[in-house]
Amino acid sequence: MRWIPEGTFRMGSDSFYPEERPVHTVSVDGFWMDEAPVTAGEFRRFVRETGYVTFAERPPDAADYPDADPDLLVPGSLVFGKTLGPVGLDDVRNWWEYVPGAYWKRPGGPGTSINGRDRHPVVHVAHEDASAYAAWAGKVLPSEAEWERAARGGLDGAVFAWGDDHFPRWEARSEHVAGRVSVAEPLARRVRRDIACPQLRAERIRALRHVREHMGVDD
């Protein structure tokens, strides 16, 4: 874990998603933050020791989906699928599909596996699953403000953790996908977020050295 020092920063953005507006000033106390996401191997150990069953493995409650076809109320999760070309951005079903039987151990649905991916981030985990894991590990989930404070890497108001330039000095500071992805904003707006999924090779997330340098964090 890394120690994130207390501080005040501008949280949110007026340039991208409506739910991030308005920018507002937030102060947080110092806190400890895991340097990397929880891996599939770590989550596997949690499940083996506790017998925990994730949200995606439980049948949906019909009361929560009164208009749904009962035959479709089966355990599963959304799986990202690449498209053959540009698609409309107004319907997530163009690139996300509900796959029965998909969960953290079967990320693509039946017939898929996390074998050989123990060091990859765990997927198909709901908030309540993450909370259960954190409690088992003797930790707590960060608040939204704490997460953004850590993710910004100490640069107040910057678009990225390393600054405002997507490719400073033409160097990629994170893994990227060649071409425009179907979940990107329209071309008139900048694409800010990478997609974390097996098909796009973006699920191998590593802490960046320049972020630690800006934050002045300690081991």
Side-chain angles (χ1 to χ4, degrees), residues 1-2 32-60 74-84 87 92-142 147-148 150-151 153 160-162 171-184 191-212 217 219:
M1 302 187 77
R2 299 277 176 175
W32 289 97
M33 186 80 164
D34 279 344
E35 184 175 349
V38 174
T39 66
E42 291 168 334
F43 199 81
R44 187 205 305 268
R45 185 161 68 91
F46 158 63
V47 170
R48 284 178 175 174
E49 293 187 11
T50 64
Y52 184 83
V53 178
T54 63
F55 184 83
E57 298 173 79
R58 307 174 213 152
V74 296
S77 188
L78 292 175
V79 175
F80 182 88
K82 291 188 291 186
T83 64
L84 297 178
V87 297
V92 298
R93 291 174 296 181
N94 286 327
W95 58 89
W96 288 99
E97 178 184 4
Y98 187 81
V99 177
Y103 68 106
W104 70 270
K105 202 173 182 180
R106 301 280 183 263
T112 63
S113 171
I114 60 171
N115 291 342
R117 294 183 174 182
D118 275 3
R119 298 182 65 183
H120 288 212
V122 64
V123 295
H124 298 301
V125 172
H127 186 273
E128 62 187 77
D129 305 327
S131 294
Y133 174 87
W136 169 80
K139 304 175 183 180
V140 295
L141 296 180
W147 190 93
E148 185 165 332
F160 304 99
W162 54 84
E171 297 176 359
R173 293 297 177 90
S174 61
E175 293 192 45
H176 290 77
V177 182
R180 183 168 175 263
V181 185
S182 57
V183 296
V191 176
R192 182 174 65 160
R193 295 176 177 172
D194 298 323
I195 307 305
C197 66
Q199 297 93 330
L200 300 183
R201 299 185 301 106
E203 64 181 353
R204 297 177 180 175
I205 304 174
R206 302 177 179 87
L208 301 174
R209 182 172 62 252
H210 54 270
V211 172
R212 299 198 297 270
V217 294
D219 286 316

Handout entry: Heavy-atom pair of closest approach, residues Val99 and Gly109
Key =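 Taking every non-hydrogen atom into account, CG1-CA, 3.9 Å.
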Exercise for the section: Using modelled atom types only, decide if a donor and an acceptor are shared between the side chain of Tyr98 and the backbone of Gly76 within a distance under 3.5 Å. Expected result: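 Here the side-chain-to-backbone pair exists.
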Heavy-atom distance under 4.5 Å between the side chains of [X] and [Y], does that happen here?
X: Pro107; Y: Val79; value: no
X: His127; Y: Leu141; value: yes
X: Trp147; Y: Pro142; value: yes
X: Leu78; Y: Glu97; value: no

Nearest 0.5 Å please: distance from the [atom1] atom of [X] over to the [atom2] atom of [Y].
X: Trp104; Y: His124; atom1: CH2; atom2: NE2; answer: 12.0 Å
X: Trp136; Y: Glu49; atom1: CH2; atom2: CD; answer: 5.0 Å
X: Asp118; Y: Thr39; atom1: CG; atom2: OG1; answer: 7.0 Å
X: Lys139; Y: Met33; atom1: NZ; atom2: CE; answer: 10.5 Å
X: Ser113; Y: Lys105; atom1: OG; atom2: NZ; answer: 8.0 Å
X: Met1; Y: Asp34; atom1: CE; atom2: CG; answer: 4.5 Å

Handout entry: Counterpart residues, salt bridge (Lys or Arg N to Asp or Glu O under 4.0 Å), relative to Glu42 (two or more places apart)
Key =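 Testing Glu42 for salt bridge (Lys or Arg N to Asp or Glu O under 4.0 Å), a comparison that skips the adjacent residues, returns none.
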Side-chain atoms of residues 50-59: list all donor-acceptor pairs with protein atoms under 3.5 Å, sequence neighbours left out, distances to 0.1 Å.
| from | atom 1 | to | atom 2 | distance (Å) |
| --- | --- | --- | --- | --- |
| Thr50 | OG1 | Phe46 | O | 2.7 |
| Thr50 | OG1 | Tyr52 | N | 3.2 |
| Tyr52 | OH | Arg58 | NH2 | 3.1 |
| Tyr52 | OH | Asp129 | OD1 | 2.6 |
| Thr54 | OG1 | Glu57 | OE2 | 2.7 |
| Glu57 | OE2 | Thr54 | N | 3.0 |
| Arg58 | NE | Val53 | O | 3.2 |
| Arg58 | NE | Thr54 | O | 3.4 |
| Arg58 | NH1 | Glu128 | OE2 | 2.7 |
| Arg58 | NH2 | Val53 | O | 3.0 |
| Arg58 | NH2 | Glu128 | OE2 | 3.2 |

